[in-house]
Amino acid sequence: MPMSPMRILTGPLSRSMGKLFHLFPSIAVDLPKNLQSPASRGYFANPIPPPEWVEPFTDISTVPSARRDFAASPWVGHIRALLDGSPDMEANLHGFCRKFMIKLTPNFVSFLLKGDEMKRSSDIALRFFRWASGQKDYRHGIECYVCLIEILLACGDTGRVKGVFGEFRDVGLLMTESAANSLIRSLGNVGMVEELLWVWRKMKENGIVPSLYTYNFLLNGLVNSMFIDSAEKVFEVMEGGSISPDTVSYNTMIKGYCRSGNTEKGIKLLREMEERTVEPDKITYMILMQACYARGDFDSCLRLYHEMEEKQLEIPPHAYSLVITGLCKDGKCMEGYSVYNSMVKNGCKANVAIYTALIDAYAKCGSMDEAMRLFEKMKDDGFQPDEVTYGAVINGLCKLGRLEEAMFYSEHCRDSGLAVNPTMYSCLIDGYGKAGRLDEAEKLFEKMGEMGCTRDSYCYNVLMDAYGKHGKIDDALTLFKRMEYEHCDPTVYTFTILISGLFTEHRNEEALKLWDVMVDKGITPNVACIRALSIGLCLSGKVARACKILDELAPMGIIPDSATEDMLNALCKAGRIKEACKLADGIVDRGREIPGKIRTVLLNALRKAGNVDLALKLMHSKIGIGYDRVHSIKKRVKFRTLLDL
DNA sequence: CTAGGGTTAG
């Protein structure tokens, strides 16, 4: 009986067969039917042999030597193709291994677990793992558990990891250095500290000395789970031991401090690095710069960038992004532009966001022409402006009242296939509204709907504001109803606009009703909203009522700190000094503020309102002073006496 | 091993 080609593959000739396939791919045609079209035998989901069939022979030198035998085996491609997650997967694997007399080893199983098909689905990995453990004369090695755990972790499948890890712990395999390092790294990355520490203990028990890498993985694990104190302790152990912390250890600790909101401590550690001659690298600076940026501390961000420059470190593109956008947000467009220039000089390409930030900053500081020049420049540089860029341009133009140009760019934006978004519409509506061109504002508001653009609360708010500011509060109220009808949730701004508008029309009761509606909806009033209400009430002579409502806010955890000042300012400005004094006395009587502070506030309010005489009178009197230190007597003169004197 | 896409509105 002639030897079947199938048998050749199972024997020691398999490797030479592999070479033959590479040199003469046409040989594959001569293979028995079950290998050419394995689907017909139920082995493969895909009738076309997978690329692995030939791929391992193309460049064997790239395969690590420990794995070379597997990678070079021609049936590896087939067995991988069997890992398809089909219901017959286990049966197919079983059939294939039997037919080719493939003996499973932990080394081979872990090799297969490292394949790409496993990364796609943790289910397949787990099923393969389970199938293998049921095979005769086979027991999983520690590397198999490590691979499986890493796959499950990569899939974010923490629940199943816990199960598999428990099993792994119970099996009682001997811990190895590489297994410990892999596990500490991967468990650390997802913050499974309990399991990580078990591995650490096992490692120590088995006399494995942790390396610098092991320590760094441990630090990273602790930091990722926000165990900063523990990380600090480990770090101290390193400092006192034979393995000194390196740049990575410092970077990890700095990341930890930054993540816990302690950027200052992170910067302090950077200085310590310098003292101990551990060189900070670009990653050190990136961690710190990002932390500073996230906090809005753009000055520190810039300082760190300059330090990087001085140290002649390679500056990553993202660092430029942070510095430029930071400067732009601070309104320092010139400085931002100068950093942009150094970026270009260093061979870094800008991007849409950097251009957008610069355009926005120039527009906001009044250099609209410079902003438009950058807008053209970015296009010359090969960047297509996006919705945000158009948003910045349109906003800038609207704020300057250059509405026709703003409209032109919104059309231009649509013509370039970009959506005109609610942000742009709200800018335009606001622009027309502020210019008193209510018809056009309304038209745009309706057009949005026709264009299929969903209106957000901003769009309603700006139109409502326009109505309110032009004496059309009833139109604003109608729009408010429509907003509710169209399922758009009002915000604190919506209520502020309506409350101010109603007070302007002396419709106090309605304003107060809306305030209650707002509070009932669970919307927390902000400073502007409180100001609208308190000033509105004060000016309509209801000072006591204003004070009462403000007092009611305290139990809700809202401290209206500038409300007193706002009210006194409003009353003084309206020349209603008597009421202002009464209010000042009332606040002191309630014990809400110390008399000295109220005295200063009232004095400033009088001064601001141009009432110099009374301001001077107050300044030279003892009015409002609560405690006479010299005579140790409690003594307070009512503010009301200011007018009686 | 440690860092990695921001930017627009009242």
Side-chain angles (χ1 to χ4, degrees), chain A residues 181-182 184-186 188-189 211-221 223-224 231 245-256 258-259 280-291 293-294 304 308 313-326 328-329 336 350-361 363-364 371 378 383 385-399 406 409 413 418 420-431 433-434 456-466 469 491-494 496-497 500 526 528-529:
Chain A
N181 272 323
S182 302
I184 290 169
R185 177 175 45 123
S186 44
N189 273 331
S211 66
L212 177 60
Y213 272 57
T214 325
Y215 271 111
N216 285 343
F217 291 146
L218 175 64
L219 280 179
N220 191 43
V223 159
N224 282 344
D246 69 343
T247 304
V248 176
S249 327
Y250 274 98
N251 289 351
T252 310
M253 280 313 294
I254 291 173
K255 176 176 87 170
C258 289
R259 280 217 186 148
D281 62 0
K282 59 177 175 178
I283 296 175
T284 320
Y285 283 98
M286 282 306 290
I287 295 169
L288 285 166
M289 283 175 73
Q290 290 192 101
Y293 182 86
L304 288 161
M308 276 183 101
L313 288 168
E314 179 209 321
I315 298 172
H318 190 42
Y320 286 115
S321 260
L322 294 171
V323 175
I324 297 171
T325 50
C328 286
K329 280 189 177 177
N351 56 38
V352 178
I354 289 177
Y355 276 113
T356 305
L358 285 167
I359 290 168
D360 181 58
K364 288 216 175 90
M378 95 181 255
F383 292 105
D386 65 5
E387 278 182 36
V388 185
T389 321
Y390 276 106
V393 167
I394 291 169
N395 178 46
L397 290 168
C398 285
K399 288 277 155 2
Y409 281 104
C413 172
L418 295 166
V420 179
N421 60 33
T423 302
M424 298 175 202
Y425 275 112
S426 69
C427 291
L428 289 163
I429 295 168
D430 192 40
K434 289 216 165 44
D456 63 4
S457 65
Y458 292 91
C459 301
Y460 290 93
N461 291 350
V462 287
L463 187 56
M464 257 183 247
D465 194 44
K469 293 241 161 63
T491 65
V492 65
Y493 294 97
T494 317
T496 308
I497 290 163
S500 320
N526 60 13
C529 192

Over how many whole Å does the gap from [X] atom [atom1] to [N] atom [atom2] extend?
X: A:Glu387; N: B:dG5; atom1: CD; atom2: P; value: 20 Å
X: A:Ile497; N: B:dA9; atom1: CD1; atom2: C1'; value: 12 Å
X: A:Leu418; N: B:dT8; atom1: CG; atom2: C1'; value: 13 Å
X: A:Asp456; N: B:dT8; atom1: CG; atom2: C1'; value: 12 Å
X: A:Glu314; N: B:dG4; atom1: CD; atom2: P; value: 16 Å
X: A:Ile354; N: B:dG5; atom1: CD1; atom2: P; value: 13 Å
X: A:Met424; N: B:dA9; atom1: CE; atom2: C1'; value: 11 Å

Using a 4.0 Å heavy-atom cut-off across all strands, classify [X] as base, sugar-phosphate, or nothing.
X: A:Asp465; answer: nothing
X: A:Asn216; answer: base
X: A:Asn395; answer: sugar-phosphate
X: A:Asn224; answer: nothing
X: A:Val462; answer: nothing

(Q) I'd like to check, for A:Phe217, whether its ring lies over the base of B:dC1 with centroids under 5.5 Å apart and a plane angle smaller than 30°. (A) no
Q) With no hydrogens and no angle check, is any side-chain donor or acceptor of A:Asn461 less than 3.5 Å from a backbone partner on A:Met464? A) no
(Q) If we ignore hydrogens and angles and just use 3.5 Å, is the side chain of A:Asn224 paired with the main-chain N or O of A:Gly188 as donor and acceptor? (A) yes
[X], nearest nucleotide to its side chain (from [options]):
X: A:Ala353; options: B:dC1, B:dT2, B:dT7; result: B:dT7
X: A:Arg259; options: B:dT7, B:dA3, B:dT2; result: B:dA3
X: A:Tyr213; options: B:dA3, B:dT7, B:dC1; result: B:dC1

Q: Output yes when at least one side-chain N/O atom of A:Lys364 is less than 4.0 Å from OP1 or OP2 of B:dT7, else no.
A: no
Q. With respect to the phosphate group of B:dA3, does any side-chain polar atom (N or O) of A:Lys282 fall under 4.0 Å of OP1 or OP2?
A. no
Q) Quick one: side-chain contact (heavy atoms from CB on, under 4.5 Å) partners of A:Lys329, sequence neighbours excluded? A) A:Tyr293, A:Phe298
Q | Side-chain donor-acceptor pair present, A:Ser249, A:Thr252, cut-off under 3.5 Å | A | no
(Q) Applying ring-ring contact (aromatic ring centres under 6.0 Å, His included), can you list everything that pairs with A:Tyr493, at least two apart in sequence or on another chain? (A) none
Q: Name the orientation of the base relative to the sugar in B:dG4: syn if the glycosidic angle is within 90° of 0, else anti.
A: anti
